Amino acid sequence: MLVEVEAARKHYGEGATLVRALDGVSLSIDSGELLVLLGQSGSGKSTLMNMLGGLDRIDSGLITVASDRISDYGARQLLEYRRRHVGFVFQFYNLVSDLTAWENVQVAADISGNPFRIEELFDALGIADLSRRFPKELSGGQQQRVAIARAIVKRPTLLLCDELTGALDSKSAQVVLDLVKRINEDFGVTTVIVTHNEGIALMADRVVTLHDGKVTSNSIRQSPTKTDDPLAEENL
Ligand code: ADP
Ligand code: MG
């Protein structure tokens with residue numbers, strides 16, 4: 001098991017304003033898996049993703065990644081963990097506006113010990129022709145593909161994507177999701193996709209559903225398929 005989460009709790013506020021964002025969450029993720037974390041708004045998905053990514057710490061419970069107990073880490077160790085092991089993709093692409101697409105990815109490659117070849121990633125993501133463009137010269141879907149390249153160039157242990165298609169039209173969203181699936185398969189990057197969109201679950205190896213900070217279902221899909229395959233619903 002690459003990732004183990006055991007009885008993770010994270011609360012915000014207190015008294016009348018107490019929110020149990022994570023209320024005893026346990027799950028595991030296999031190396032190479034593509035996990036979709038599904039749930040309505042407010043169910044705790046981003047909180048869980050942030051804890052997996054070392055952006056914050058749980059109040060109690062345990063999170064281990066590649067046998068390292070990251071839930072015990074202090075701020076400096078978490079920073080190092082994020083830098084070495086985690087690739088983030090968010091809804092908004094957060095590219096550096098005065099760097100080209102290539103340079104945005106180069107910056108991440110430069111602080112990595114063993115980066116993927118940028119050229120290879122740009123080819124895989126279909127953005128080789130766009131490498132000299134600046135973010136404002138790219139569509140949302142194209143910017144998100146650059147953001148994915150930037151997230152994975154360091155060969156992260158975990159690729160964490162939070163509502164990564166939330167700002168995209170459905171066609172660009174489909175392209176981006178298919179590319180994430182390919183990156184997961186071809187480059188072997190263990191991937192978590194956080195979404196409220198049930199359709200996206202069709203591409204997963206495993207689907208975990210959260211509700212009010214609790215896991216309400218956790219199922220392995222037998223034959224993950226493309227998200228636009230209408231027959232795939234039967235496999236859920
Ligand atoms: P999701 O990503 O599924 O929409 P979140 O993990 O963002 O859900 O939030 C889960 C719950 O925790 C929500 O009720 C949200 O308002 C609350 N919450 C999240 N982050 C904070 C925070 N920093 N301070 C207070 N409440 C928070
Ligand atoms: Mg969220």
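Whatever order the structure lists ligands and atoms in, that order sets their numbers, starting from 1. From a predicted model like this one, the values you see are computed outputs, not experimental measurements.
You'll find the side chain of V192 stays beyond 4.5 Å of the side chain of L159, heavy atoms only.
Of the N and O atoms on the side chains of T47 and N50, not one donor lies less than 3.5 Å from an acceptor on the other residue.
The ring-ring contact (aromatic ring centres under 6.0 Å, His included) contacts involving residues 120-150 comprise W102-F122, where partners must be two or more places apart or lie in separate chains. Identified under the side-chain hydrogen bond (donor to acceptor under 3.5 Å, both in side chains) test for residues 79-96, with sequence neighbours left out: H85-T157.
Taking a cutoff of 4.0 Å between a charged side-chain nitrogen and a carboxylate oxygen, K214 and D23 qualify as a salt bridge.
Under the 4.5 Å side-chain heavy-atom criterion for grouping Ile, Leu, Val, Met, Phe, Trp and Tyr, F90 is not connected to I152 through any hydrophobic cluster. Hydrophobic clustering, with ILVMFWY side chains joined whenever heavy atoms are under 4.5 angstrom apart, groups V146 together with V176. Note on I193: it does not cluster hydrophobically with V65, by side-chain heavy-atom contacts below 4.5 Å among ILVMFWY residues.
For a distance threshold of 2.8 Å, the protein N, O or S atoms nearer than that to the Mg ion (ligand 2), listed by chain and number, are S46 OG.
Exactly one residue among T191, V86, V194 makes a side-chain contact (heavy atoms from CB on, under 4.5 Å) with L160. That residue is V86.
For ligand 1, the 4.0 Å heavy-atom shell contains residues Y12, V19, A21, Q40, S41, G42, S43, G44, K45, S46, T47.
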